[in-house]
Amino acid sequence: MGYTLPEKFLKPYEPSDCEARLYDVWEKSGYFNPDNLPDDRIKPWCTIMPPPNANGRLHVGHCLDITLKDILTRWRRMQGYKVLFLPGSDHAGFETQIVYEKKLEKEGRTRFQMTSDELYKEIMDFTLENKKVMQDDIRKMGTSCDWSRDTFTLDPDIVKNVHNTFRKMYKDELIYRGKRSINWCPKHQTSLSDVETEFIEQNDPFYYFQYGPFVIGTSRPETKFADKYIVVHPDDKRYSQYENGQVFEIEWINDPIKATIIKDEIIDKELGTGAMTITPWHSDVDFALAQKHNLPIEQIIDEHGKLLPIAEEFAGMKIEDARPKIVEKLKMKGLLVKIDEKYNHAVKVCYKCKRPIEPQIKQQWFVKMQPLAEIALKAVQDGKVKFLSESFEKTFTYWMNNTVDWNISRQIVWGISIPAWIKNKGTDKEEISLEIDKPSGDGWEKETDTFDTWFSSGQWPLLTLKYPDGKDFKTYYPTDVMETGRDLIFKWIPRMIMFGMYLANKEPFKIVYLHGMINDEHNQKISKSKGNVFSPIELAEEFGTDALRMSLIIGNVPGSDMALSKDKIRAYKKFANKLWNITRFVLGTIEVPLTPAPDDAGELPYSRGAKENMYTSHILAKPKNIIPNHEKYLEELSTLVETITKYLEDYKLYLAGEDLYHYIWHTFADDIIESCKADLESDDVNHRLSAQYTLYEILTTCLRLLHPFMPFITEEIWQSLPHHNKEHGTMLIVAPWPSHIQQL
RNA sequence: GUGCGAUUAGCUCAUUUGGUAGAGCGCCCGCUUGACUCGCGGGAGGCGACAGGUUCAAAUCCUGUAUCGCAUACCA
């Protein structure tokens, strides 16, 4: 009859008492897998986890990713969709190899002393080990993803599919092998794509040298040994006496050389002296110019950043050692005109080691970007893919209109192999074969380069859903929403749209939700060098996962960065406890039977309208007389339901979370409970029952609304409620979302 | 240089697309009120960067200035 309050409510809420247990219960229930969800669910809803790099622990950015997606996932699941949240992990080629190389360095080893197979195997072991840790962390965040569909970028079927894409693109002439200027990192001994480089502003000396009758300016004297062409603007009056193709014999660094004049409009007359020499091997601009005029090109600096024999007495020296010595020599020869000490310019560096990129000319694999950019841009312009917030659409459009061909080959072992055979590799007489077996004839070698990681992760929605024939692909593609960090708008998002449109002729997702970066409490960027890195998992252990999730969501506007402090997380820990105590109070008031009374005995003022609307708690029968004040509270509650639902539909999770927080604490607890206390003590049974029903109704509705945000505490309370909902078992994870309107 | 964004309470940030500014933490005063001291009640504190404009009405729209952040490019 009456209801006995479980003892646990007499103590403050302790997240560690239930979190691991509940996750286990959820996982074992099978509800993470859409195929096991109750009822006949027809309408699919899908989101794919940005695969965390399997090279370390979960960081706070991953937590935000996962929380945002998990909120949407849990909400849609409660709404009755056939919901799939697909997890996965990324081998993260270059990134992981660097992490592993650092580890080797600490152990006094280097990858250059190992065979490729040894290195590959060691990194694989390392990655698989980390993957487990990472997945544990994902579980701790309460992530309701379907582990049975977990995918790793190096799974054999994924690799096979990536190879197929490569072959198809080669056949469609979207991939070519070409001798081009590439970004070379002298430390990591690999080429890099443009998104793997950064610019650092710095001040360097800028030198002016006498070059025959011309004065040329440069910040890089060490590249000038082979400069045999001097370029001026055809309209530059200062140089009008010279003819295109005119040759001079001039004194230069080592020996006299013959220099030829080239006239080209690309030159900026205003800049410096309006005359420049070119170094095609070590500058992509110069390379383009050399190609245009069909000039010979010559390598000056080797792959390790050392000068080649052409530098004669400077050969073998590193750039930074050679530079002052070369300047000194030119000065001795009277060729140094002047030095500007403070020349501010941006230097392209490797985004990992921050060392200057040395452009080199190499044979590499490239993706022709323009046709792909066009179809991706069209998908966005046609509204098939929408960005949150809208301003990202501009950024995206700009990027798509300014693509450069994408270098997809990396000279590292950790990655998906490029499935090609090459004859005379590295020479101008290269031959290519994409046969699976070694072609007949001599001289064929297997390509040793691996794919840029983004080549596989760019196909992630297709690969995980088993394009082209998989059942999941047919059911869930295109997916509903892609949520990820705004730093990936260049690296990842465009590639997924390109591959989606190219391979499946359909957008991979309808909505792109880009969140900002999480900063520390002083709004400083989190970085190892600043020493402000923290472990989100430790915070979850200290304050509860629910509190961490709330602190990541509330106040987090799409696209803007957010400061995160312990105080903020602590505030939501308190909120969890508040909800716990609200529950204690509400459950403590119940004095009525827990099921509707038998047919009118004429004594108890109940109706049996347990299904009048979906708010009905299924626990307390609705009394016949709800007093007007309480009716008003219930009406306000339905307004709240509408508001929260609307916010979620608009992806305004930060507002939904904040409103729920505010309603539960400052409306429900501070106003409604306080004002109901008098009714609960009333001698009039109508007042008492009306208040009990109202409070219970509000509590259970709040639990459902809050569940996507704070899954653990809400489920923990839900399972302690004195009811057994026969339709959905007793699990909140599959309880119906409150709504006036039947959703599906 | 170009593009995007920001500038609101001591700190970190909201304000749901124009209608008399809100939260958390901090601060001050008062409460051991039978749910909760991880609490309750009350309070101080903002010309919403600056200068103009549109409007009956602007933190919100427009223009300009300043500062900061992010992205992107050239520099031979």
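Using a 4.0 Å cut-off, no side-chain N or O of A:K568 falls inside it from OP1 or OP2 of B:C11. Applying the 4.0 Å criterion to OP1 and OP2 of B:A35, one finds that A:W665 has every side-chain N and O outside that range. Checking the phosphate oxygens (OP1, OP2) of B:G39, no side-chain nitrogen or oxygen of A:H666 falls inside 4.0 Å. Taking only side-chain nitrogens and oxygens, A:K677 comes nearer than 4.0 Å to OP1 or OP2 of B:A35.
Pairing for B:A76 is absent, judged as Watson-Crick or G-U wobble with the two contacts each under 3.5 Å. Pairing for B:G18 is absent, with no Watson-Crick or G-U wobble pair whose two atom distances lie under 3.5 Å. B:C50 and B:G64 make up a base pair, with Watson-Crick or G-U wobble contacts both under 3.5 Å.
A donor and an acceptor atom sit less than 3.5 Å apart, one in the side chain of A:K578 and one in the base of B:C36. Side-chain N/O atoms of A:E198 and base N/O atoms of B:A71 include no donor-acceptor pair closer than 3.5 Å.
The residue A:S219 sits close only to the backbone: its heavy atoms come under 4.0 Å of sugar-phosphate atoms, none of a base. Among the protein residues, A:A346 comes within range of the nucleic acid bases, having at least one heavy atom under 4.0 Å from a base atom. Here A:I216 lies out of heavy-atom contact (under 4.0 Å) with every strand. Nucleic acid contact class of A:K652 (heavy atoms, under 4.0 Å, all strands): sugar-phosphate only. Residue A:S283 is out of contact with every strand shown, counting any heavy-atom pair closer than 4.0 Å.
Between A:F214 and A:Y242, the two ring planes are tilted [angle within 30° to 60°].
Between A:D520 and A:K566 there is no salt bridge, since no side-chain N of the basic residue sits under 4.0 Å from a carboxylate O of the acidic one.
Applying the salt bridge (charged side-chain N to carboxylate O under 4.0 Å, His left out) test to A:D235 and every residue at least two apart in sequence or in another chain returns nothing.
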Let me check something: any side-chain donor-acceptor pairs from residues 660-671 of chain A under 3.5 Å, sequence neighbours excluded? List them with distances.
| residue | atom | partner | partner atom | Å |
| --- | --- | --- | --- | --- |
| A:H666 | ND1 | A:D670 | OD2 | 3.0 |

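Nucleotides B:G41 and B:U33 are separated by 10 Å at their C1' atoms, to the nearest Å.
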